[in-house]
Amino acid sequence: MLPDTDELAEVLLDLSVPHEDVNDLVRMGRRVTDDPELRPFLERSVDELVRGMGQVGGPVDLPDLDWASGPLQRCFPVYVFVAALPYTRAYHREHGIPADVSRRTLADLGRNMAVHRRRYGRAGVQAPWWLIHHFRGELYQLGRLQFERARLGQRAGTRLAAAGLDVGPDSLCLNVHIPDFLGPMSPPAVDRSLALAREFFALHFPRERYRVATCHSWLLDDQLRKYLPGDSNIVRFQERFRLTREDREPADTEPVQFVFGDPELPIEGLPRRTAVERAVGDHLRAGGHWYIGHGWLPFDGNG
């Protein structure tokens, strides 16, 4: 189920796994392959991951490796995703996904591991649940942004229908995500991503109809406008979306995690090197809170 030693190293590099983690992952891979408990566990995990491949919002319940510990537990999802890779690539080929889009999409495994190392200083997978979308054919990297095939929830669908859009609860939509370690989110880069997405989904998923793209992020918190200039990338990004609502529950750890790399950092010592760092930290130090904003923009769907 796993590639042999030489091929495994090459596959890990193809997935942008940090170079300093490759040797240990190859070494532990032999244990996963040879262990009479780990191999069946890996097989069950892969079966669960690829069942219903491509289904939008399909439930996936990966079993927990709660009886292991240390590096193997932190890195076991890597082997699940590597073992599922042939199924993912077959699905991509079936839908004519270009090789460069496939490669950049699945390289999010390496990005996720880099986020983990930035926070903890050791190998691991920061959010295995997030990568499920990539390896099931639900999410694609198109330029600066990622686009996830999804469905509108009850509240969003009802509000957008009331606004006159031809959508409702459970209608297809594209969730927009902003990956880390990919340079500035400049307006031209966002324009290009949206143009790529409109072309991509019409070509590769012609039976699916997308009327709106949605975004659920602290980057849509309107309070950022108090701290950032009007021509900043974040403010320009906000201006593309029409807000449906903002959460009432504070989400202070979200900007701390994405800006500084660790949601548990004490706010008193947050750096002030950039305008965004100053905005996030100064607002929290003044007793304020950050919230998740929920926005949408028109998207010319298929059909």
Side-chain angles (χ1 to χ4, degrees), residues 108 111-121 126-127 129-130 139 141-148 150 153 155-156 159 174-194 197 212-299:
D108 222 25
R111 178 183 288 112
N112 197 277
M113 295 187 71
V115 169
H116 186 281
R117 181 171 286 279
R118 178 178 64 178
R119 178 176 177 184
Y120 297 105
Q126 177 70 14
W129 59 268
W130 167 240
L139 181 147
Q141 177 91 39
L142 301 169
R144 181 63 183 84
L145 304 174
Q146 295 171 339
F147 296 84
E148 175 195 357
R155 283 186 294 184
R159 292 183 181 183
L174 292 172
N175 283 344
V176 178
H177 303 282
I178 307 99
D180 204 348
F181 303 126
L182 206 57
M185 190 175 58
S186 66
V190 176
D191 286 340
R192 176 173 177 268
S193 280
L194 290 170
V212 296
T214 61
C215 185
H216 312 277
S217 173
W218 68 274
L219 289 172
L220 296 186
D221 188 331
D222 192 59
Q223 296 178 104
L224 284 164
R225 295 172 181 263
K226 301 176 183 177
Y227 299 93
L228 302 176
D231 61 352
S232 70
N233 290 338
I234 290 178
V235 172
R236 295 286 299 277
F237 183 76
Q238 286 187 348
E239 290 173 345
R240 299 174 184 270
F241 292 88
R242 308 173 193 181
L243 283 184
T244 56
R245 64 184 176 91
E246 281 191 350
D247 286 349
R248 296 182 179 180
E249 290 295 322
D252 297 338
T253 58
E254 289 288 308
V256 175
Q257 175 177 339
F258 286 103
V259 174
F260 302 101
D262 185 347
E264 299 179 1
L265 289 174
I267 63 174
E268 295 80 10
L270 295 177
R272 302 184 73 256
R273 297 163 297 193
T274 67
V276 175
E277 288 183 350
R278 291 190 291 273
V280 171
D282 291 353
H283 185 71
L284 292 173
R285 283 185 286 264
H289 295 287
W290 295 109
Y291 299 89
I292 301 296
H294 302 268
W296 65 276
L297 56 79
F299 189 93

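Since the structure is predicted, the reported quantities are computational estimates derived from the model, not experimental observations.
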> Is the closest side-chain heavy-atom distance between Phe258 and Leu219 below 4.5 Å?
no
> So which atom in Thr244 and which in Arg159 form the shortest heavy-atom distance, rounded to 0.1 Å?
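What the structure gives for the nearest pair is O-NH1, 2.7 Å.
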> Indicate yes or no for a side-chain donor-acceptor contact from Thr214 to the backbone of Trp296 under 3.5 Å, with no hydrogens or angles considered.
no
> Can you tell me how far CG of Leu228 sits from CG of Asn233, rounded to the nearest 0.5 angstrom?
10.0 Å
> Is the shortest heavy-atom distance from the side chain of Ile234 to the side chain of Arg225 under 4.5 Å?
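Heavy-atom side-chain distance check fails, nothing below 4.5 Å.
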> For Ala114 versus Phe181, what's the shortest heavy-atom pair and its separation?
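Closest pair (atom of Ala114, atom of Phe181, distance): CB-CE1, 3.9 Å.
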> With sequence neighbours left out, write down each residue that passes ring pair (Phe, Tyr, Trp, His ring centres under 6.0 Å) with His177, or none if nothing qualifies.
Trp130
> Using the ring of each side chain (for Trp, its six-membered ring), is Trp290 parallel, tilted or perpendicular to Trp218, with breaks at 30° and 60°?
perpendicular
> First locate atom CG of Leu142, then atom CG of Leu174, and finally report the distance between them rounded to the nearest 0.5 Å.
9.5 Å
> Which side-chain N or O atoms in residues 182-192 pair as donor and acceptor under 3.5 Å with protein atoms at least two apart or in another chain?
| from | atom 1 | to | atom 2 | distance (Å) |
| --- | --- | --- | --- | --- |
| Ser186 | OG | Ala189 | N | 3.3 |
| Asp191 | OD1 | Arg240 | NH1 | 2.8 |
| Asp191 | OD1 | Arg240 | NH2 | 3.0 |

> Mark yes when over 12 heavy atoms from residues, nucleotides or ligands other than Arg155 sit less than 6.0 Å from its CZ; otherwise mark no.
no
> So which heavy atom on Leu224 is nearest to which on Gln238, and how close?
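Distance-wise, the nearest heavy atoms are CD1-NE2, 3.7 Å.
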> Determine the minimum heavy-atom distance between Arg236 and Gly230, stating which atoms define it.
CD-O, 4.0 Å
> With rounding to the nearest 0.5 angstrom, report the OH to CG distance, Tyr227 to Asp282.
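So the OH of Tyr227 and the CG of Asp282 are separated by 7.0 Å.
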> For Arg111, enumerate each residue passing the side-chain hydrogen bond (donor to acceptor under 3.5 Å, both in side chains) test, keeping only those at least two apart in sequence or located in another chain.
Asp108
> Hey, does Pro250 have a side-chain heavy atom less than 4.5 Å from the side chain of Tyr291?
yes
> For Arg118, what residues pass the side-chain hydrogen bond (donor to acceptor under 3.5 Å, both in side chains) criterion, not counting sequence neighbours?
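Counting only residues at least two positions away or on another chain, Arg118 forms a side-chain hydrogen bond (donor to acceptor under 3.5 Å, both in side chains) with Asp180.
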> Report yes if the side chains of Gln141 and Gln146 come closer than 4.5 Å at any heavy-atom pair, otherwise no.
yes
> Just grab all the salt bridge (Lys or Arg N to Asp or Glu O under 4.0 Å) pairs involving residues 247-258, residues at least two apart or on different chains.
Arg245-Asp247
> Testing the basics here: between Ile292 and Ala251, what is the closest heavy-atom pair and its distance to 0.1 Å?
CG1-CB, 3.8 Å
> Would you name the heavy atoms of Cys215 and Phe241 that are closest together and state the gap between them?
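Heavy atoms of Cys215 and Phe241 come nearest at CB-CE2, 3.6 Å.
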> Side chain to side chain contact (heavy atoms under 4.5 Å, CB included), that's the test. Do Leu265 and Gln257 meet it? Break it down for me.
CA-CA 8 Å; Leu265 289 174; Gln257 175 177 339; over 6 Å; no
> How far does OG1 of Thr253 sit from CD1 of Ile267, to the nearest 0.5 angstrom?
12.5 Å
> Could you tell me whether the side chain of Val259 reaches within less than 4.5 Å of the side chain of Glu277, counting heavy atoms only?
yes
> Between Leu297 and Val176, is any pair of side-chain heavy atoms under 4.5 Å apart?
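No, their side chains stay 4.5 Å or more apart.
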> Who passes side-chain hydrogen bond (donor to acceptor under 3.5 Å, both in side chains) against Asp262, sequence neighbours left out?
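Counting only residues at least two positions away or on another chain, Asp262 forms a side-chain hydrogen bond (donor to acceptor under 3.5 Å, both in side chains) with Arg119.
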